[in-house]
Amino acid sequence: MKIEIYTQALCGFCTMAKRLLNKKGLAFDEIDVTGNAPLRASMSERAGGRTSTPQIFIGSTHIGGCDDLYAADKSGKLDTVLAQEASAAGA
């Protein structure tokens, strides 16, 4: 299962999101979009037009930003998505 987090330099929300992923023991690929307009545009397209960072993807599921990630963790949705994506990935 692939976890991707789009970040930019000096982003406190990015740091908080990565902290939660690390706390849960999840490996992720960080994609820094700082100063890279084409990469940021690609992120925005994947994220349904959202331009803020971070933007977090777990497998084929777009989680959203930092607040979305923490809300999903608090509600239990994050664990459900992780289990579904792991199952879909054959893990």
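Note that the coordinates shown come from a computational prediction; the quantities given were computed from them, not determined experimentally.
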inquiry  = Main chain of Phe57, side chain of Thr61: is a donor-acceptor contact present, judged purely on distance under 3.5 Å?
reply    = no

request  = Please confirm whether the backbone N or O of Lys18 pairs with a side-chain atom of Asn22, one donor and one acceptor, at under 3.5 Å?
outcome  = yes

inquiry  = I'd like to know if Lys2 and Glu85 make a salt bridge, using a cut-off of under 4.0 Å between side-chain N and carboxylate O.
reply    = no

ask   = Going by atom types only, do Tyr6 and Arg46 share a side-chain donor-acceptor pair under 3.5 Å?
value = yes

key: From CD1 (Ile63) to CG (Leu69), nearest 0.5 Å   = 7.0 Å

inquiry  = Could you check whether Asp68 pairs with Arg50 (Lys NZ or Arg NE/NH1/NH2 to Asp/Glu carboxylate O, under 4.0 Å)?
reply    = yes

message = Let me check something: do Leu82 and Phe28 share a hydrophobic cluster, defined by ILVMFWY side-chain heavy atoms less than 4.5 Å apart, either directly or through other members?
response = yes

ask   = Out of curiosity, Leu21 CG to Glu30 CD, how far, rounded to the nearest 0.5 Å?
value = 10.5 Å

query = For Phe13, does the CZ atom sit with more than 12 other heavy atoms under 6.0 Å from it, leaving out its own atoms?
reply = no

task = Please tell me if the side chains of Leu78 and Ile58 come closer than 4.5 Å, counting only heavy atoms from C-beta onward.
result = yes

query = If you round to the nearest 0.5 Å, how far is OG of Ser44 from CD of Gln55?
reply = 8.0 Å

message = Quick check: do Asp29 and Ile5 have side-chain heavy atoms less than 4.5 Å from each other?
response = no

inquiry  = Main chain of Thr51, side chain of Arg40: is a donor-acceptor contact present, judged purely on distance under 3.5 Å?
reply    = yes

ask   = Taking the side chain as C-beta and beyond, is there a heavy-atom pair between Thr7 and Ile31 under 4.5 Å?
value = no

inquiry  = In the structure I gave you, are the side-chain heavy atoms of Leu39 and Asp32 within less than 4.5 Å of one another anywhere?
reply    = no

task = Determine whether more than 12 heavy atoms belonging to other residues, nucleotides or ligands lie under 6.0 Å from atom NZ of Lys24.
result = yes

remark   = Between Pro54 and Cys66, the two heavy atoms sitting closest are CG-N, 3.8 Å

key: Approximate separation, where rounding is to 0.5 Å, of Met43 CE and Asn36 CG   = 11.0 Å

task = Check whether any side-chain heavy atom of Cys11 sits under 4.5 Å from a side-chain heavy atom of Gln8, and report yes or no.
result = yes

